[in-house]
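Below is one structure, written out as structure tokens; comments come after it.
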Amino acid sequence: MIDFKGYSIGVHASKDFAIATLYGGVSYERSTLSLRYNSTDPNFPGQLVDLSFDGDNAFRFTAGAGLNLAFFHLFLDVNVGNVTHFSGGIGFGM
């Protein structure tokens with residue numbers, strides 16, 4: 001059995017300029033994971049394995065920017081929490 005529970009509650013805002021968008025926000029996150037199964041290890045056949053983990057979650061802050069050039073779109077952002085994460089991307093469209 002695998003049981004996962006998680007949620008994120010946050011507030012985000014953005015501001016558009018001529019060809020750019022700036023955005024940011026703050027979120028609170030929480031997660032738990034439980035695993036329960038019978039071992040198939042020949043040294044411990046049928047032994048019940050019961051594990052539970054709480055996520056190392058807390059507050060997360062996001063800041064980023066997007067650039068809109070006709071059919072070409074770029075974005076770059078940073079998420080700062082217990083782990084800092086950078087992301088970026090390229091898009092095409094109208």
Side-chain angles (χ1 to χ4, degrees):
M1 176 195 72
I2 299 174
D3 183 34
F4 174 79
K5 295 178 183 167
Y7 65 86
S8 176
I9 299 170
V11 176
H12 294 82
S14 65
K15 175 68 176 163
D16 288 326
F17 297 96
I19 61 170
T21 302
L22 299 178
Y23 56 91
V26 62
S27 299
Y28 177 75
E29 303 171 335
R30 185 162 176 88
S31 63
T32 61
L33 173 68
S34 298
L35 300 170
R36 186 180 186 129
Y37 62 93
N38 289 317
S39 174
T40 58
D41 185 326
N43 297 317
F44 305 98
Q47 181 175 349
L48 179 64
V49 177
D50 192 1
L51 302 169
S52 182
F53 303 96
D54 289 326
D56 193 17
N57 310 82
F59 284 95
R60 174 172 304 283
F61 301 93
T62 302
L67 186 60
N68 300 309
L69 303 170
F71 299 105
F72 190 65
H73 309 284
L74 298 171
F75 80 90
L76 180 64
D77 64 34
V78 61
N79 288 277
V80 179
N82 289 342
V83 174
T84 298
H85 174 261
F86 294 92
S87 61
I90 300 170
F92 302 96
M94 293 182 74

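These numbers come from the heavy atoms of this one structure, side chains and all, not from hydrogens, waters or symmetry mates. FYI, the numbering just counts along the sequence from 1.
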Query raised in the report: Atom CZ in F53, atom OG in S34: separation rounded to 0.5 Å?
Result: 9.0 Å
List the atom pairs, with distances to 0.1 Å, where a side-chain N or O of residues 73-80 and a protein N or O form a donor-acceptor pair under 3.5 Å, not counting sequence neighbours.
from	atom 1	to	atom 2	distance (Å)
H73	ND1	N68	OD1	2.9
H73	NE2	G93	O	3.0
D77	OD1	S87	OG	2.5
D77	OD2	Y23	OH	3.0
N79	OD1	T62	OG1	2.5

Query raised in the report: With hydrophobic residues grouped by side-chain heavy-atom distances under 4.5 Å, do F72 and I19 end up in a single group?
Result: yes
Report summary line: Output for pair (K5 NZ, R30 CZ), nearest 0.5 Å, gives 11.5 Å
Query raised in the report: When you look at CD1 of I90, are more than 12 heavy atoms from neighbouring residues, nucleotides or ligands closer to it than 6.0 Å?
Result: no
Query raised in the report: Going from OH on Y28 to CZ on F59, what distance comes out if it is rounded to the nearest 0.5 angstrom?
Result: 7.0 Å
**Report entry** side chain to side chain donor-acceptor pair (under 3.5 Å) between D54 and T32, intermediate numbers included
**Finding:** CA-CA 4 Å; D54 289 326; T32 61; 5.2 Å; no
Side-chain donor-acceptor distances from residues 36-52 under 3.5 Å, at least two apart:
from	atom 1	to	atom 2	distance (Å)
S39	OG	D41	N	3.0
S39	OG	F44	O	3.3
D41	OD1	N43	N	2.8

Extract all donor-acceptor atom pairs below 3.5 Å that involve side chains of residues 7-17 and protein atoms in other chains or at least two apart in sequence.
from	atom 1	to	atom 2	distance (Å)
D16	OD1	T21	OG1	2.6

Query - Gap separating the CG atom of D56 from the CG atom of N82, nearest 0.5 angstrom - result: 4.5 Å
